[in-house]
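First the proteins, then the strands, lettered A, B, ... as listed; each starts at 1.
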There are 2 protein chains.
Amino acid sequence: MKKDYIRPLDIRHGRVDMGHGAGGRAAAQLIEELFLAAFDNEYLRQGDDGAALAIPVGARLVMATDGHVVSPLFFAGGDVGSLSVHGTINDVAMCGAVPLYLAASFILEEGFPLADLKRIVDSMAAASRAAGVPVVTGDTKVVEKGKGDGVFISTTGVGVVAAGVHISGANARPGDAVLLSGTIGEHGVAVLSKRESLDFETTVASDSVALHGLVAAMLAASDGVRVLRDPTRGGLATTLNEIARQSNVGMLLEEAAIPVLPQVEAACELLGLDPLYVANEGKLVAICAPDAAEAVLAAMRAHPLGANAVRIGSVTEDPHRFVQMETSFGGRRVVDWLSGEQLPRIC
Amino acid sequence: MKKDYIRPLDIRHGRVDMGHGAGGRAAAQLIEELFLAAFDNEYLRQGDDGAALAIPVGARLVMATDGHVVSPLFFAGGDVGSLSVHGTINDVAMCGAVPLYLAASFILEEGFPLADLKRIVDSMAAASRAAGVPVVTGDTKVVEKGKGDGVFISTTGVGVVAAGVHISGANARPGDAVLLSGTIGEHGVAVLSKRESLDFETTVASDSVALHGLVAAMLAASDGVRVLRDPTRGGLATTLNEIARQSNVGMLLEEAAIPVLPQVEAACELLGLDPLYVANEGKLVAICAPDAAEAVLAAMRAHPLGANAVRIGSVTEDPHRFVQMETSFGGRRVVDWLSGEQLPRIC
């Protein structure tokens with residue numbers, strides 16, 4: 001489409017105004033000069049209200065959606081843009097699917113600097129390209145100053161599941177191995193330390209990353225993977241409780257086996273947090289048949305995003321569906337769900 | 001999943017709090033007792049991060065997304081919930097697709113009454129059931145009081161396009177007929193009159209409705225439909241300009257042919273609006289091959305949502321891509337895009 005605006009968008013000094021959300025010429029210009037310029041692909045270029053997509057014949061489809069309201073918008077290791085790509089790709093991947101396409105819905109606050117918006121959209125586009133999952137359709141709305149908070153991004157992903165793959169949080173069975181792909185707590189600590197303006201000696205960067213490549217390697221290595229889940233909001237503890245509940249089982253973890261970076265330990269101590277409840281955006285939990293655990297763990301360790309993968313425990317039979325932990329001191333305690341509002345707006 | 005909360009959610013007097021967005025037990029309870037109770041279907045019951053979906057073999061997929069920030073949240077003829085279902089179903093349908101599944105991302109403001117949230121979610125569930133398009137996956141986030149505005153809902157739809165159907169805003173050709181499915185301006189007037197607390201003698205209700213049934217009837221009647229578009233934000237005038245630009249054509253409309261309810265005319269006069277720029281949520285524009293126009297129009301008129309369908313003009317060859325209108329007084333004027341922020345937060 002030929003551009004026919006009087007002057008280009010002033011990205012350096014301009015701000016989002018209500019007109020950018022009203023569906024007229026200003027909205028069209030914002031979409032073309034900022035969003036399309038960043039995400040450019042054949043699907044967006046169709047220019048229709050939705051995107052027509054190619055999918056493999058006979059595939060089973062997976063669909064996942066996630067709203068991203070992280071505060072602050074920029075943090076060490078990422079921003080709301082890259083997070084909105086990684087978060088939704090990971091939700092699709094945790095269903096055992098290959099993520100194919102993303103849709104993005106932006107809710108912008110009037111007055112938000114276009115330069116910051118461009119930075120976010122560029123980061124999102126870079127994350128999408130790196131993952132090989134294009135943003136194929138989108139929408140932008142604007143709300144009055146004081147009715148939003150800069151930028152909220154809801155992304156939706158679709159993907160396809162290969163024949164023979166059946167992953168669900170309901171599939172864990174007593175005796176299964178509980179695997180974790182790496183260290184926990186970085187994302188939450190990165191966001192919170194930026195929010196609280198804390199300076200640690202060593203900056204902790206978010207682990208935000210797309211995990212579909214790791215998942216593909218694991219599924220290729222074994223057909224014994226039963227559950228995949230990324231421990232985001234609520235952290236590892238909450239995710240394991242969700243799975244225990246969904247599968248009607250218990251779990252027994254070894255505290256000493258759960259890897260935490262020393263700088264995350266230190267930051268958590270300062271912030272009064274338990275790393276078990278702190279959000280991750282680049283880690284996954286896998287529950288595997290006992291005889292598959294070694295092969296899956298080896299496949300994880302052979303992948304750059306699973307180099308620190310470990311077995312952290314086992315699934316148990318437990319009508320109470322308790323997640324328990326053998327502590328480093330030899331005791332045993334129940335690891336409960338996150339309760340209350342410990343960590344709002346972490347993703 | 002067995003419920004294991006200490007007490008049920010107090011929907012009558014409770015309010016959204018930050019804990020409902022933190023991913024722990026409170027969030028799980030809100031999802032189960034409010035969202036799952038309303039939307040209940042086999043896909044949501046899977047309880048995973050995404051939904052595994054069945055799709056027809058060899059289908060072409062369509063994906064569309066839309067954020068809904070309408071203010072006020074409730075208006076005559078609908079609310080943000082039903083609107084978020086209709087809006088996205090219509091975006092999918094305007095690609096010539098049969099909508100199959102919806103995903104919903106909620107961004108809630110702390111302190112929002114749970115009773116209002118339930119009313120919105122119930123309305124959304126009713127709209128989804130009536131349309132036969134289930135909400136199969138979702139996400140909920142909470143932002144602090146003053147950082148949102150009650151409820152924002154981003155919905156994403158996927159659908160499939162039948163073989164041989166090729167609908168796009170880029171397909172209009174000179175000589176084609178421009179059809180409109182009914183009267184214009186009701187949605188925008190309904191929202192604005194509620195926002196401005198205006199009382200008209202006759203209440204104007206939003207036309208918000210899912211149009212995929214109408215689209216199916218039109219496509220069954222003829223293979224000459226080239227463009228479908230619902231004139232939402234920016235109204236009929238902006239939608240026709242978008243198509244003209246995308247197809248690199250002009251259009252010539254007859255003002256007298258465009259149907260507007262008398263109470264909408266009256267309200268627009270009072271509000272200082274031109275119905276051509278006022279949003280619709282239950283109308284569509286169709287551009288058809290000249291020899292298909294009669295059959296398509298007959299199919300529209302035979303459907304309850306197209307009873308007042310009319311031919312409003314023709315596509316012209318025009319390097320300037322102007323949408324022009326023969327006025328009722330015999331003159332001719334250019335109908336431009338909506339410019340500026342005439343009608344913010346209308347959907």
Side-chain angles (χ1 to χ4, degrees), chain A residues 1 17-19 21-25 46-53 55 57-58 60-67 69 91-92 94-95 101 103 105 107 136-139 141-143 146-149 152 154 156 158 161 168-170 233-234 238 245-246 337-345, chain B residues 1 17-19 21-25 46-53 55 57-58 60-67 69 91-92 94-95 101 103 105 107 136-139 141-143 146-149 152 154 156 158 161 168-170 233-234 238 245-246 337-345:
Chain A
M1 288 189 288
D17 66 42
M18 295 307 293
R25 199 186 288 271
Q46 292 168 0
D48 289 313
D49 284 344
L53 308 169
I55 47 164
V57 172
R60 281 182 301 149
L61 203 70
V62 160
M63 188 176 190
T65 195
D66 236 336
V69 300
D91 278 351
V92 171
M94 296 308 132
C95 298
Y101 305 110
S105 161
I107 298 175
V136 297
T137 190
D139 182 62
K141 294 290 192 301
V142 179
V143 296
K147 302 289 185 182
D149 196 15
F152 300 142
S154 291
T156 305
V158 297
V161 186
S168 168
R233 277 187 292 179
T238 301
R245 190 166 179 230
Q246 210 181 333
W337 296 61
L338 173 70
S339 59
E341 59 175 273
Q342 198 184 0
L343 299 169
R345 300 190 61 186
Chain B
M1 287 188 288
D17 65 42
M18 296 307 293
R25 199 185 288 271
Q46 292 167 1
D48 289 314
D49 283 346
L53 308 168
I55 47 165
V57 172
R60 282 181 300 149
L61 204 69
V62 160
M63 188 177 190
T65 195
D66 236 336
V69 300
D91 279 352
V92 171
M94 296 308 132
C95 298
Y101 305 110
S105 161
I107 298 176
V136 298
T137 191
D139 182 62
K141 295 289 192 300
V142 179
V143 296
K147 302 288 185 184
D149 196 14
F152 301 143
S154 291
T156 304
V158 298
V161 186
S168 168
R233 276 188 293 179
T238 301
R245 189 166 179 229
Q246 212 181 332
W337 295 62
L338 174 70
S339 60
E341 58 174 273
Q342 197 184 1
L343 299 170
R345 300 190 62 187

Give the member of A170(B), G146(B), G234(B) that has the highest number of heavy-atom pairs under 4.5 Å with chain A.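 Of A170(B), G146(B), G234(B), G146(B) has the most heavy-atom pairs under 4.5 Å with chain A.
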Let's test your reading of the structure: which of C95(B), G169(B), G50(B) forms the most heavy-atom pairs below 4.5 Å with chain A?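 It is G50(B).
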Spacing of OG belonging to S168(B) relative to CG belonging to D48(A), to within rounding of 0.5 Å: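 Reported to 0.5 Å precision, the distance equals 3.5 Å.
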Roughly how far apart are D139(B) CG and D66(A) CG, rounded to 0.5 Å? 4.0 Å
Testing the basics here: between [X] and [Y], what is the closest heavy-atom pair and its distance to 0.1 Å?
| X | Y | result |
| --- | --- | --- |
| I107(B) | S154(A) | CD1-OG, 4.2 Å |
| Q46(B) | Q246(A) | O-NE2, 2.9 Å |
| G21(B) | R233(A) | O-NH1, 2.6 Å |
| T65(A) | G138(B) | CG2-CA, 3.6 Å |
| T156(A) | T156(B) | OG1-OG1, 2.6 Å |
| M63(B) | V158(A) | CE-CG1, 3.9 Å |

May I ask you to test the I55(A)-I55(B) pair for a side-chain heavy-atom distance under 4.5 Å? yes
Side chain to side chain, R345(B) and V143(A), heavy atoms closer than 4.5 Å: yes
Side chain, backbone, both or neither: which part of V161(A) has an atom under 4.5 Å from a heavy atom of chain B? neither
With sequence neighbours excluded, residues passing side chain to side chain donor-acceptor pair (under 3.5 Å) with D49(B):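 So D49(B) forms no side chain to side chain donor-acceptor pair (under 3.5 Å) with any residue.
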Who pairs with T238(A) by side chain to side chain contact (heavy atoms under 4.5 Å, CB included), at least two apart in sequence or on another chain? E242(A), Y277(A), W337(A), L338(A)
Between V136(A), V62(A), L53(A), which shows the greatest number of heavy-atom pairs under 4.5 Å with chain B? L53(A)
Can you check whether G67(A)'s main-chain N or O pairs, donor with acceptor, with K141(B)'s side chain at less than 3.5 Å?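 Present.
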